[in-house]
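Input: a single structure, listed below in structure tokens.
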Amino acid sequence: MSATTRWFRRGDHLVMLGASAGAFVLLALSTLAGWPVGAGGHVSTPTTVVNPVMEAQAGDCLNWAKKDLSDVKKVDCSAQHLFEVTGVADISADHGPQAPFPDDARWQEISQERCTKVSMDYLGGKFDPFGKYTVGPLNPGERLWGEGRRTLRCGLQVAGPAGGLLPAYGSARTQDQSDVYDPGVCLGITETKSVADPVDCAKPHTFEITGVVAMPPGDFPPPEQQDQLMFTECARLTAEYTGGADLKARNLLVTWDTRAPESWAAGSRLANCKVGAQPVDNVLIAWEGSVRNPNAPPLTTSNPPQTTAVQQEEATGAPLHSQSNSSSAEPPPSGSNPPRSDETTTTPTTTTTR
């Protein structure tokens, strides 16, 4: 349920290309790109307004609420944020004073050339190609490019299955990189019947997350072993989540995710349990409403929360049972081997996930 994604700036917009989706998602940055900056990115007078992006260094986290990013600010990485800076790259050697502003394809190449290694080093060489983080640059934009700026910020973001930007919590250097969501999150459906970004569960969706399972430490477990663990844990967690609801009566089944060897090598150990509709001819089917037990107490998010687009109060308590290779299978009869998943993530790359 992944789509390769990269971020770059087109004109005065931050652009994310979803390669699998074949579409652009634009976040207007006209106000941000127009903010004055002092020489060298430093405040030149006490009244000069400085763009926080231009001053950000490796380890800084940035967040914003407005779509045009006019309220972007530096925040503690333990708080909700949308971009974690992994390094600063000067590309002036390859792009002189008269060089034209790179087009979309060139920005993707620049991201791979200049941000991949920087971000890998930032993560200590451990990056889950199927995990929740994507690598990309924040570039200076056409106006500042025309003024001679050739410095960009490389960073890590969390993108949904369809490419939407999702909030992150905690520094990527210390977080499990598994592509997981908190219980209660529902994942939408695209026009092409693929998994989409989180939506309200009252709307059409493909899956509802019912739990998170922490894989036991040790050597990488083969897929069959992971399936057996997830089958057992997801049956238990989903029964708790639904209050023992009859899912078959709604033509729903329990599904789960597993970890790939590359993810395991990066330290990813979490996997989601979820409920989805019975596929038809291997095509995902949308359904509406939640299977959550209406009489159950309110859900408590993990601390810090897993990736989720759902607005939530400050996280408290221990992590809930809640993970990116995806197995989708109806629970097998007792005593039989769980069937393997046909749903997998896209081919891994060094720069993108989800």
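Values below: all heavy atoms of this structure, side chains included; hydrogens, waters and symmetry mates excluded. Start at 1 with the first residue, then count along the sequence.
A distance-only check finds no donor-acceptor pair linking the side chain of D281 to the backbone of V283 [under 3.5 Å]. Side chain of R150 to backbone of W145: a donor-acceptor contact under 3.5 angstrom is found. Judged by distance alone, the side chain of D197 and the main-chain N or O of A162 form a donor-acceptor pair under 3.5 Å. Side-chain N or O atoms of Q80 include none that pairs as donor or acceptor with a backbone N or O of V75 at under 3.5 Å. No donor-acceptor pair closer than 3.5 Å links the side chain of D94 to the backbone N or O of I91.
Judged as a side chain to side chain donor-acceptor pair (under 3.5 Å), and not counting sequence neighbours, N63 has no contacts. Residues satisfying the side chain to side chain donor-acceptor pair (under 3.5 Å) test with T190, not counting sequence neighbours, are T192. Not counting sequence neighbours, the partners of E147 by the salt bridge (charged side-chain N to carboxylate O under 4.0 Å, His left out) test are R143.
Taking the side chain as every heavy atom from C-beta outward, D76 and H81 never approach each other to under 4.5 Å. Inter-residue side-chain proximity for D176 and R269 is flagged as met; some heavy-atom pair is nearer than 4.5 Å. Residues K73 and W64 are not in side-chain contact: their nearest non-hydrogen atoms beyond the backbone lie 4.5 Å or more apart. Side-chain contact check for N293 versus T242: every heavy-atom pair is 4.5 Å or farther apart. The shortest distance between side-chain heavy atoms of L270 and M215 does not fall below 4.5 Å. Residues H95 and R106 meet the side-chain proximity criterion, which asks for heavy atoms closer than 4.5 Å. Between D200 and C186, the closest side-chain pair of non-hydrogen atoms is not below 4.5 Å. Looking at T206 and S194, their side chains never come closer than 4.5 Å, going by heavy atoms from C-beta outward.
A single hydrophobic cluster is not seen to contain both V118 and M120; linkage of ILVMFWY side chains at heavy-atom distances under 4.5 Å, directly or through other members, places them apart. At a threshold of 4.5 Å between side-chain heavy atoms, the hydrophobic network of Ile, Leu, Val, Met, Phe, Trp and Tyr places L123 and V158 in one connected group. Transitive grouping of hydrophobic side chains (ILVMFWY, heavy atoms separated by less than 4.5 Å) keeps L156 and V88 in distinct clusters. Transitive grouping of hydrophobic side chains (ILVMFWY, heavy atoms separated by less than 4.5 Å) brings F127 and L166 into a common cluster. A continuous path of Ile, Leu, Val, Met, Phe, Trp and Tyr side chains, each step under 4.5 Å between heavy atoms, connects V72 with L82, placing both in one hydrophobic cluster.
Nearest heavy-atom pair, N272 versus M230, reported as atom, atom and distance to 0.1 Å: O-CE, 3.7 Å. When all heavy atoms are compared, the tightest approach of A196 to L187 is O-CB, 3.7 Å. Across every non-hydrogen atom of H205 and G289, the tightest pair is CE1-O, 3.1 Å. Nearest heavy atom pair, residue P161 against residue V195, reads CB-O, 3.4 Å. Here the closest non-hydrogen pair linking F101 and N139 is CZ-OD1, 3.8 Å. Considering every non-hydrogen atom in both G276 and T255, the closest pair reads N-CG2, 4.4 Å.
S268 and D128 form a side-chain donor-acceptor contact under 3.5 Å, judged by distance and modelled atom types alone. No side-chain N or O of Y241 forms a donor-acceptor pair with one of R292 less than 3.5 Å apart. Looking at E84 and S171, their side chains do bring a donor and an acceptor atom within 3.5 Å of each other.
Going from atom CG of D182 over to atom CG of L299 covers 8.5 Å, rounded to the nearest 0.5 Å. Here the CD atom belonging to E109 is positioned 11.5 Å from the CG atom belonging to D104, to the nearest 0.5 angstrom. Interatomic distance, L152 CG to C115 SG, rounded to the nearest 0.5 Å: 5.5 Å. Expressed to the nearest 0.5 Å, how far CG of D227 lies from OG1 of T258 amounts to 6.0 Å. A distance of 9.0 Å separates NZ in K74 from CD in Q57, rounded to the nearest 0.5 Å. Rounding to the nearest 0.5 Å places CD of Q225 at 9.5 Å from CZ of F220.
Taking the six-membered ring where the residue is Trp, the centroids of F207 and W287 are separated by 6.0 Å or more.
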*Could you walk me through whether Q157 and Y133 pass the side chain to side chain contact (heavy atoms under 4.5 Å, CB included) check?*
CA-CA 5 Å; Q157 313 109 99; Y133 293 108; over 6 Å; no
*Yes or no on side chain to side chain contact (heavy atoms under 4.5 Å, CB included) for T174 and C77, after CA distance, side-chain angles and deciding distance?*
CA-CA 11 Å; T174 60; C77 289; over 6 Å; no
_Candidate pair V275 and L253, rule side chain to side chain contact (heavy atoms under 4.5 Å, CB included), full reasoning_ = CA-CA 6 Å; V275 167; L253 51 78; over 6 Å; no
*Full working for side chain to side chain contact (heavy atoms under 4.5 Å, CB included) between V291 and E208*: CA-CA 8 Å; V291 296; E208 179 173 354; 3.5 Å; yes
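Because its NZ or CZ atom is not both nearer than 6.0 Å to the ring centre of F83 and within 45° of the ring axis, R153 does not count as a cation-pi partner of that residue.
Note on K274 versus D257: salt bridge recorded, some NZ/NE/NH1/NH2 to OD/OE distance being below 4.0 Å. The pair D71-K66 does not count as a salt bridge, with every side-chain nitrogen at least 4.0 angstrom from each carboxylate oxygen.
Ring geometry for W256 versus F231: interplanar angle of 30 to 60°, hence tilted.
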